[in-house]
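Just so it is clear: chains get the letters A, B, ... in the order the sequence lines come, proteins before strands, and each one is counted from 1.
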Amino acid sequence: MAEHVYICDVAKHEGKDVTIKGWLYNKRDKGRLQFLILRDGTGFMQAVAFKGDLSEEEFEAARRVTQESSVIARGTVRADKRAPGGYELSLNHFEIVQLTQDYPITPKEHGIDFLMDRRHLWLRSQKQWAIMRVRATVIRAIRDWLDDHGFLLVDAPILTPAACEGTTTLFETEYFGQKAYLSQSGQLYNEATIMAFGRTYCFGPTFRAEKSKTRRHLIEFWMVEPEMAYADLEDCMRIEEEFVSYIVQRTLTERQQELEILERDTSKLEQISPPFPRITYNEALEILRQHGEELPWGEDFGAPHETILASQFEKPIFVHRYPAQCKAFYMEADPEDPRLSLSVDLLAPEGYGEIIGGGQRTASLELLEQRIQEHNLPREALEWYLDLRRYGSVPHAGFGLGIERTVTWICGLHHIRQTIPFPRTLGRIYP
RNA sequence: UCCUCGGUAGCUCAAUCGGUAGAGCGGCCGGCUGUUAACCGGUUGGUUGUUGGUUCGAGUCCAGCCCGAGGAGCCA
């Protein structure tokens, strides 16, 4: 029996007999000549069955095999320009493990509802396969960069005791007779862990019970949240631009094939390197005004505003110093203008919108207590958080990067829902 | 939650003024030794989302409900 190899490695076996174990992705029937497109999880490859090269039984199996049947194929690896990927397998053995009947996702067009109901099967399709592999690389790049830059992974809990950031956008559950909520951010816990470890990050799922119904929202999504002690707004922006540039460049290097499958114009991504342009909220308002979008001071930007702002630049842009009223209670006040917060969002280019939100956190106990009151937050539930300002408070900053929004941008997709294996969107929790 | 659009064959869609429900793809049968969404011939395929109403007659008109999509708000 020829050696079992993975499709991603076939180039190393040119001229040799190998065995591929996988599934039939597609087939083109030319009579005595069958072109079989195989996939095995690591890639896609064309196999060719000539009637004369196989036993009658085996050729009949190659002629009868249906889409997504599980198959074992043996043959000689040959370089051939006509084959997608440059290599093909000249079959001398072919075996069906299970013959699939009526696979629902055909190689033609389908609607999004149909595909999402069959997400467990749709993941086998080439584009979905490519997206998931980009996602894995983005996550790997995130962890590698943070681990290599002095950040310690210290994860935050998912079950939390109170609506710390206020709002009614939390999923409520029950914790042995007590109300509990699914985490919508590890932020506050990170502020505790940096006082123990200096620089930390948490990385996990977060949940928003918002009835959001747009191409940039998921109910359950993944977020990485780095936090730094003895850091200010400037440090935060410097880290963010290094971090994001690394993620993009590493994906470009390691996932060329996948980005090609996704037909991504990578020239736009190649330009992503520090420094990123920085504009203040007030400057952003002025840019919007010049484009006929008058926005009253103190309002947050909507999706169309973000698109206008980002379209002025080739790289992601920082918008910093938002009015305190449109940011979370824990943002530090700008010493030059207390109406402003030392906050910063990073907007991705090409209309992909906000991928990072963050900034400098309040170090002052007094200001924090005042903000908690203004926001009508339950002070008892935040006592532990106030402790962080009582015992060795320092200037500190951090941010949260949305994994799926980042993958949407890097892959050049129209909608966020394809960037997570099993999306939770408004009205969908199946499969 | 609000606004807009939609639901017809397994899939993607068409159906004129209210008058016999149709095509491509898929499936099945046959042909073809270099296909790239292969191609060619044949064939199969329907409770028109649902409930009620108007009408001689409803896929088509009206009302309610269900489901979905696009967008808004909110956010990463």
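Across B:rG30, B:rG73, B:rC11, the shortest atom-to-atom separation from the side chain of A:K211 is found for B:rG73. When distances run from any side-chain atom of A:F35 to the nucleotides B:rA76, B:rG34, B:rG68, the shortest one goes to B:rG34. Listed nucleotides B:rU33, B:rA76, B:rG27 differ in distance to A:R208; the shortest reach to its side chain belongs to B:rA76. Here the nucleotide nearest the side chain of A:R28, chosen from B:rA76, B:rG30, B:rU35, is B:rU35. Out of B:rA76, B:rG27, B:rC74, the shortest distance to the side chain of A:S212 is found at B:rC74. Distances from the side chain of A:L426 to the nucleotides B:rC11, B:rU1, B:rC74 place B:rU1 closest. Distances from the side chain of A:K30 to the nucleotides B:rC32, B:rG10, B:rC75 place B:rC32 closest. When each of B:rG70, B:rC29, B:rU35 is scored by its nearest atom to the side-chain atoms of A:R82, the top-ranked nucleotide is B:rU35. Considering only side-chain atoms of A:L33, the nucleotide from B:rC74, B:rG34, B:rC75 that sits closest is B:rG34.
Between A:K51 and B:rU33 there is no side-chain N or O to OP1 or OP2 distance below 4.0 Å.
Looking at A:H396 and A:E191, their side chains do bring a donor and an acceptor atom within 3.5 Å of each other. Residues A:E260 and A:Q256 bring no donor and acceptor atom of their side chains to less than 3.5 Å of each other.
One P atom belongs to B:rA23, the other to B:rC66, and the distance between them is 36 Å to the nearest Å. Across the C1' atoms, B:rU20 and B:rG59 are found 14 Å apart, a figure rounded to whole Å. Comparing the C1' positions of B:rC61 and B:rU54 gives an interatomic distance of 8 Å, to the nearest angstrom. Spacing between B:rG10 and B:rA58 at atom C1', rounded to whole Å, works out to 26 Å. Of the P atoms belonging to B:rC75 and B:rC67, the separation is 28 Å, rounded to the nearest Å. With C1' as the reference atom, B:rG30 and B:rG70 are 45 Å apart, rounded to whole Å. A distance of about 27 Å separates the P atoms of B:rG52 and B:rU1, rounded to the whole Å. Separation of the C1' atoms belonging to B:rG18 and B:rU55 is 9 Å when rounded to the nearest angstrom.
Ring pair A:F276/A:F318 is tilted by interplanar angle, where 30° to 60° counts as tilted.
A:R250 forms no cation-pi arrangement with A:W145, by the criterion of a distance under 6.0 Å to the ring centre and an angle within 45° of the ring axis.
Panel note: side chain A:R39, backbone A:G41; no donor-acceptor pair is recorded below 3.5 Å. Between the side chain of A:Y281 and the main chain of A:S343, no donor-acceptor pair closer than 3.5 Å is present. Side-chain atoms of A:E306 come within 3.5 Å of backbone N or O of A:E354 as a donor-acceptor pair.
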Legend entry - Secondary-structure string, 5' to 3', Watson-Crick or G-U under 3.5 Å, | for another-strand partners, for RNA chain B: (((((((..((((.....[..)))).(((((.......))))).....(((((..]....))))))))))))....

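With hydrogens and angles ignored, a donor-acceptor pair under 3.5 angstrom links the side chain of A:D29 to the base of B:rC32. Put simply, the side chain of A:H217 and the base of B:rC75 share a donor and an acceptor less than 3.5 Å apart. Remark: the A:Q34 side chain and the B:rU35 base include no donor-acceptor N/O pair separated by less than 3.5 Å. A donor-acceptor contact under 3.5 Å is formed by the side chain of A:R405 with the base of B:rC75. Judged by distance alone with a 3.5 Å cut-off, no donor-acceptor contact links the side chain of A:T106 to the base of B:rC25. A:E88 contributes a side-chain N or O that forms a donor-acceptor pair with the base of B:rG34 under 3.5 Å. Judged by distance alone, with hydrogens and angles left aside, A:R78 brings a side-chain donor or acceptor within reach of the base of B:rG34, the pair sitting under 3.5 Å.
Separating the CG atom of A:N190 from the C1' atom of B:rA76 is a distance of 14 Å, rounded to the nearest angstrom.
At a threshold of 4.0 angstrom between heavy atoms, the contacts of A:P107 with the nucleic acid are absent. At a threshold of 4.0 angstrom between heavy atoms, the contacts of A:R417 are confined to the sugar-phosphate backbone, with no base atom among them. Residue A:E210 is in base contact, counting any heavy-atom pair closer than 4.0 Å across all strands shown.
Under the 4.5 Å side-chain criterion, counting only non-hydrogen atoms from C-beta, A:V97 is not in contact with A:V71.
Between A:H110 and A:I37, the residue anchored closer to the 5' end of RNA chain B is A:H110, taking for each the nucleotide with the nearest heavy atom. Between A:F221 and A:R428, the residue whose closest nucleotide on RNA chain B is further toward the 5' end is A:R428.
Counting non-hydrogen atoms of neighbouring residues, nucleotides and ligands closer than 6.0 angstrom, the CD atom of A:Q290 exceeds 12 such neighbours.
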